[in-house]
Protein chains: 2
Amino acid sequence: MKRIAESTVRRLSIYLGFLEDINRRGTTTVSSEQLAKLGGTTSAQVRKDLSLFGSFGKRGLGYSVAELLGRLRQIMGLERRWRVCIIGAGKIGAALAQFEGFAQRGFDVVAVYDSNPARIGEMLGELRIRDVAFLERDAETEKFDIAVLAIPPRGAQKMADRVGRAGIGAILNFVAGQLTAPPKVAMRTVDMAMELEALSFALTNRD
Amino acid sequence: MKRIAESTVRRLSIYLGFLEDINRRGTTTVSSEQLAKLGGTTSAQVRKDLSLFGSFGKRGLGYSVAELLGRLRQIMGLERRWRVCIIGAGKIGAALAQFEGFAQRGFDVVAVYDSNPARIGEMLGELRIRDVAFLERDAETEKFDIAVLAIPPRGAQKMADRVGRAGIGAILNFVAGQLTAPPKVAMRTVDMAMELEALSFALTNRD
DNA sequence: ATAAGTTTGTGAATGATTTCACAAGCGTCA
DNA sequence: TGACGCTTGTGAAATCATTCACAAACTTAT
Ligand SMILES: NC(=O)c1ccc[n+]([C@@H]2O[C@H](COP(=O)([O-])OP(=O)(O)OC[C@H]3O[C@@H](n4cnc5c(N)ncnc54)[C@H](O)[C@@H]3O)[C@@H](O)[C@H]2O)c1
Ligand SMILES: NC(=O)c1ccc[n+]([C@@H]2O[C@H](COP(=O)([O-])OP(=O)(O)OC[C@H]3O[C@@H](n4cnc5c(N)ncnc54)[C@H](O)[C@@H]3O)[C@@H](O)[C@H]2O)c1
């Protein structure tokens, strides 16, 4: 299949969110124009995005909400649930571990690790914090799909490499500073300082 | 000035981070090739990015680290400090409020608000949680530059609009689901569920 | 002072993404 | 059935972003 642009994937996520809303409201069809309005884009963009994967609409009518929802879930790989472990039970790791919103979207946080003996064994919501020394052993039996990296920058690259070697295929990285994805591992980085700097730029260079 | 692409701004942030490292190490000059290696891009890209703002390099030699650092700080608006308030002292708001990394980059969290009477008055690190009812009054005297939105989705749009009316020029939004920036307000959204979905897509559609 | 070796800054070329524009398909209604 | 109104799917055009490639400018060595 053709390579799909990152911007397209982002928009697919957005459409999916709207479709879930619309579906809850009981509406059964939706047009590219409506989806575009909601998502702040154009109807041509919506149709182009969807056309990369097939043609799901009916001319004159629009898209069946239920069908499009199903197709998008399939495309995004959201027909299954994903097993997530969090590495680093600090401030941000704890917030993420206790966030219910992820499970609603199909991502189950099933384990939390730390290296600090003082934290290991403590409960974080339903989960007991485990010793990160057991990461590889657990990964083998528990088949984590995604690791969330929420540890200090020092040592983060080594931990990312360990995650890769443990056979976990994806990393959601919160560590600031440059981190290279291990081979064969999909990685996305959330860098909040960078977002703040983008706002600083916008405030400084606005007309 | 010409409109600057979002991707360019992101790279400038990255270059800035490296320059700070390099500067700490005491190195005095750096070439576009070196910056490119560190940032995972090409030297032509680095030069193109910088050339949008002027020409800061010396042919045959490269860029003066100190000068380029200064220029980039100026371009990004980081020669001053920014006053940040956090709205929503929940799990994620609390993690952000106590994160020291922001101050290191020039962003001072100077106030935290909540609407829950049980939380108002509590301390969060150095800061006492304030009643969000006072947001407008405080904004007038305390001149917040950026508001971090970390409240539940329900009511978030109204709060964003209040932030806009209070004269705060930028929002860093953590609320999932569609939020429209109020007029004249710069907004960046960090949507972690969307990042996870992008990983789901990558894991599902990898070759 | 000259030659050799680097590295910048930038037009031109290429590649990627978005927008345009419209034929073709579908539902509705008379 | 046929005409009408709406909306899709998609080539073509336009816009935007990246990469190429090289003259010009600088440093260093001799
Ligand atoms: N807190 C925030 O709001 C925030 C915001 C943006 C980025 N970040 C980034 O997230 C990361 C964590 O930040 P934080 O504020 O949660 O820090 P923190 O100090 O509160 O927590 C870090 C945790 O990681 C654990 N740890 C350290 N090394 C480990 C290892 N090798 N394996 C497992 N656990 C390990 C520590 O014991 C600690 O519990 C940092 O890299 C930071 O830059 C945090
Ligand atoms: N916790 C996470 O890891 C995480 C991850 C991604 C996104 N988010 C998003 O961040 C937001 C907050 O999440 P959380 O987990 O911190 O929730 P939370 O319930 O822990 O905290 C929300 C806080 O906001 C306060 N609040 C509610 N309405 C308010 C208002 N109008 N003004 C001021 N304060 C108000 C509540 O009293 C509460 O203290 C949510 O929108 C969530 O989707 C959270």
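All chains are named by letter (A, B, ...) in the order of the sequence lines, taking the proteins before the strands, and each is independently numbered beginning at 1. Worth knowing before you read on, the calculation uses all heavy atoms, side chains too, and leaves out hydrogens, waters and symmetry mates.
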Any protein N or O atoms within reach of nucleotides 27-30 of chain C? Criterion: under 3.5 Å, listing atom names and distances.
none

A/Arg47 versus A/Ser43, side-chain donor and acceptor atoms under 3.5 Å: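 A/Arg47 and A/Ser43 do have a side-chain donor-acceptor pair below 3.5 Å.
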
Quick one: is [X] getting a side-chain N or O under 4.0 Å of the [N] phosphate, OP1 or OP2?
X	N	result
A/Thr42	C/dT19	yes
B/Arg47	C/dT8	yes
A/Gln45	C/dT19	yes

Looking at [X] and [Y], does any basic side-chain N land under 4.0 Å from a carboxylate oxygen?
X	Y	value
B/Glu195	A/Arg188	yes
A/Asp108	A/Arg81	yes
B/Glu100	A/Lys91	yes
B/Arg24	B/Glu20	no
A/Glu140	A/Arg165	no
B/Glu6	B/Arg10	no

Categorize A/Thr8 for me: base, sugar-phosphate, or nothing, with a 4.0 angstrom heavy-atom threshold over every strand shown.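 If one applies the 4.0 Å heavy-atom cut-off, A/Thr8 turns out to touch nothing in the nucleic acid.
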
For a quick check of understanding: with a heavy-atom distance under 4.0 Å over all strands, which category does B/Ala5 fall into, base, sugar-phosphate or nothing?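 Result for B/Ala5 = sugar-phosphate.
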
If you only use heavy atoms from C-beta on, which nucleotide in D/dG9, D/dC20, C/dT19 is closest to the side chain of A/Ser55?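 Closest nucleotide to the A/Ser55 side chain: D/dG9.
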
Checking contacts here: which listed nucleotide (D/dA12, D/dT8, C/dA12) is nearest the side-chain heavy atoms of A/Tyr63?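 Looking only at heavy atoms from C-beta outward on A/Tyr63, the closest nucleotide is D/dT8.
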
What is the distance from [atom1] of [X] to [atom2] of [N], rounded to the nearest Å?
X	N	atom1	atom2	value
B/Asp49	D/dT18	CG	C1'	10 Å
B/Arg10	D/dA17	CZ	C1'	12 Å
B/Glu6	D/dT18	CD	P	11 Å
A/Leu50	D/dT7	CG	C1'	13 Å
A/Lys48	D/dG11	NZ	P	7 Å
A/Lys2	C/dG15	NZ	P	16 Å

Quick check against the 3.5 Å criterion: does A/Asp191 have a side-chain atom that pairs as donor or acceptor with the backbone of A/Met194?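 Checking the backbone N and O of A/Met194 against the side chain of A/Asp191, a donor-acceptor pair under 3.5 Å is found.
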
Neighbours of DNA chain D within residues 11-39 of chain A, by heavy-atom distance under 4.0 Å: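 Those residues whose heavy atoms fall under 4.0 Å from DNA chain D, taken from residues 11-39 of chain A in numerical order, are A/Ser31, A/Ser32.
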
Pairwise 5' ranking along DNA chain C for B/Ser51 and A/Thr41, keeping only the more 5' one: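 In this pair, the answer is B/Ser51.
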
Quick check on the 6.0 Å ring-centre criterion: do B/Phe102 and B/Phe99 meet it?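 Yes, the ring centres sit under 6.0 Å apart.
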
